[in-house]
Amino acid sequence: MSQPNTAIIVGAGHRAITYASYAQRHPEQLQIVGVADPNPLRREQTAARFGLKPDQCHSSAAALAERPQQADFIINGTMDHQHVQTALPLLRRGYDMLLEKPFATSEADLWELVATVRQHQSKVAICHVLRHAPFYAAIRQHVADGAIGRVLNIQAVEHVSYHHMAVGFIRGKWSRIDYCQSPMLMAKSCHDLDLIAWMKSGVAPTRVASFGSNFQFRPENAPAGAGSRCLVDCPIEKECSYSARKHYIDHPERWSFYVWDSLEHIEAPTLEDKLASLETSPYGQCVWKTDMEVVDHQSVAIEFADGCTATLNMIGGSSKPSRSIHLLGTEGEIQGNLEESTFALRHIDPRPGREYEEQIIDVNVQGDMTGASGGHGGGDMRLVADFLKLLDGAAPSISTTTIEDSISGHLIGFCADRSMRQSTTVTIPTTQEKLV
Ligand SMILES: NC(=O)c1ccc[n+]([C@@H]2O[C@H](COP(=O)([O-])OP(=O)(O)OC[C@H]3O[C@@H](n4cnc5c(N)ncnc54)[C@H](O)[C@@H]3O)[C@@H](O)[C@H]2O)c1
């Protein structure tokens, strides 16, 4: 039997640990042999979880990169603005890498990383986990097989639920550009932009236009009488849909990994610890009175070199989280919703009394959205499994997201953000020019 691949976790946060947990389920395929993180508590917790010795624990990506290569690849789960700076020295050291999205926060960083990957011939997969969700993988396979002919339009929609919007983008780590360098479109919906680019694989996106704003979460929209912190000075907290108590105390596990990070040093925080934390932490703020500066809704229109058009509508604050996609081709259409795990494949039926024929395809991941195969519609663990196969020399799967394959989606996102801010249509730079 072949030896398991070995990996070092760089940035031992929520995402990296999720991917690394594959090693606990499949020790014959993956072994975690190190951690690098400036946070001593996270280093210790990771060392305890994976049985690491002190000399396998490093204080940062840079410190790890100073030492000779010690594993096959890196699981890089640092924050958005740290991806490139932490990745570069490790790629130069010879590591392959599973790298979180967005893999860069500017075009200049993107091209620098891509050039380094090329120079060192590194295997780098971007954690576009939705490509690995059976729902999207099956749709992509149908498109690649020609089931709907040439794709002329794609409509993608992401509804970011009120609780996800509040925890990530109003009160959380992605609420301001200076926290993470990512606008909401890149932090949240770069997956959907990537899916659009992937469905058009081999055809370059050429132009983009985008509109968006923070429509809702502004002080002037606060309910009458609202305070500034839910559990400190808000007389209407009990009636409010965004009460921090309702979101984080009444649902203690829902976003615990974000909300209770200030209590990580306590093994089992009590209710009193949590209530006290909400009196001072960002997660206890009134959602209408924060210093957030990202949009709460954004629309993006994209043109491809073959004339195909696409739209993405990202709307934060919906009652229900939802992702959907509708592709129209010259010979049919595909329409589906990730959460329902089914999509419709339709073809014209011009016979008398008919209009179209429809086949419902069930990708059967119900119950598997956060279960054995990980979250994101079953994409999380499938992404890791796919990357391990790639390292073992297998041909890339239809979902495998090499860095070069991820460029288009990121460029659409950067250009859409510029379009929105500058109220102009933006021409997307051609990848070929940059990669020669
Ligand atoms: N693929 C997805 O669907 C998905 C979902 C959510 C988040 N993300 C992305 O995952 C990334 C990580 O998010 P998270 O919530 O897990 O972050 P996190 O803040 O929990 O973890 C980041 C870790 O990086 C460590 N770190 C900082 N500087 C470092 C350095 N120089 N060297 C090594 N470690 C360093 C921090 O101490 C921290 O422990 C983000 O970029 C986020 O956008 C992806």
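In this text, all values refer to a predicted model and were calculated from it rather than measured experimentally. Both ligands and their constituent atoms are indexed starting at 1 by order of listing. Starting from 1, each residue takes its place in the sequence as its number.
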> With respect to atom 20 (O) of ligand 1, which of Gln85, Arg42, Met79, His128 exhibits the smallest heavy-atom separation?
Replying inline: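 It is Arg42 that holds the nearest heavy atom.
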
>> I want to confirm something. Looking only at heavy atoms, which of His58, Gln82, Lys173 is nearest to atom 17 (O) of ligand 1?
In response: Lys173

> Any side-chain donor paired with an acceptor under 3.5 Å for His81 and Gln181?
Replying inline: no

> Does the side chain of Glu158 come under 3.5 Å of the side chain of Ser189 through a donor N or O and an acceptor N or O?
Replying inline: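 Their side chains do contain a donor-acceptor pair, which is all the 3.5 Å distance test asks for.
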
Examine [X] against ligand 1 and note whether any of their N/O atoms are separated by less than 3.5 Å.
{"X": "Asp80", "value": "yes"}
{"X": "Pro102", "value": "no"}
{"X": "Ser60", "value": "no"}

> Looking only at protein heavy atoms, which one is nearest to atom 25 (C) of ligand 1, and how far off is it?
Replying inline: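 For atom 25 (C) of ligand 1, the nearest protein heavy atom is Asp37 OD2, 3.3 Å.
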
Any idea which atoms of ligand 1 are less than 4.0 Å away from a heavy-atom of [X]?
{"X": "Trp174", "answer": "42 (C), 43 (O)"}
{"X": "Tyr19", "answer": "1 (N)"}
{"X": "Cys127", "answer": "1 (N)"}

Answer yes when [X] and [Y] have at least one side-chain N-carboxylate O distance shorter than 4.0 Å, and no when they do not.
{"X": "Arg93", "Y": "Glu66", "answer": "no"}
{"X": "Lys101", "Y": "Asp80", "answer": "no"}
{"X": "Lys53", "Y": "Asp55", "answer": "no"}
{"X": "Asp386", "Y": "Arg131", "answer": "no"}

> Hey, would you say the His164 and His247 ring centroids sit under 6.0 Å apart?
Replying inline: no

> Under 6.0 Å between ring centres, would you say that holds for Phe217 and Phe169?
Replying inline: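 No, the ring of Phe217 stays outside the 6.0 Å limit from the ring of Phe169, centre to centre.
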
Region of [X] that comes within reach of ligand 1 [heavy atoms, distance under 4.0 Å]:
{"X": "Thr86", "value": "side chain"}
{"X": "His14", "value": "both"}
{"X": "Ala36", "value": "backbone"}
{"X": "Thr78", "value": "both"}

Is ligand 1 less than 4.0 angstrom away from at least one heavy atom of [X]?
{"X": "Phe257", "result": "no"}
{"X": "Phe103", "result": "no"}
{"X": "Ala187", "result": "no"}

> Who passes ring pair (Phe, Tyr, Trp, His ring centres under 6.0 Å) against Phe73, sequence neighbours left out?
Replying inline: Phe387

> Can you list every ring-ring contact (aromatic ring centres under 6.0 Å, His included) pair that touches residues 30-58, not counting sequence neighbours?
Replying inline: none

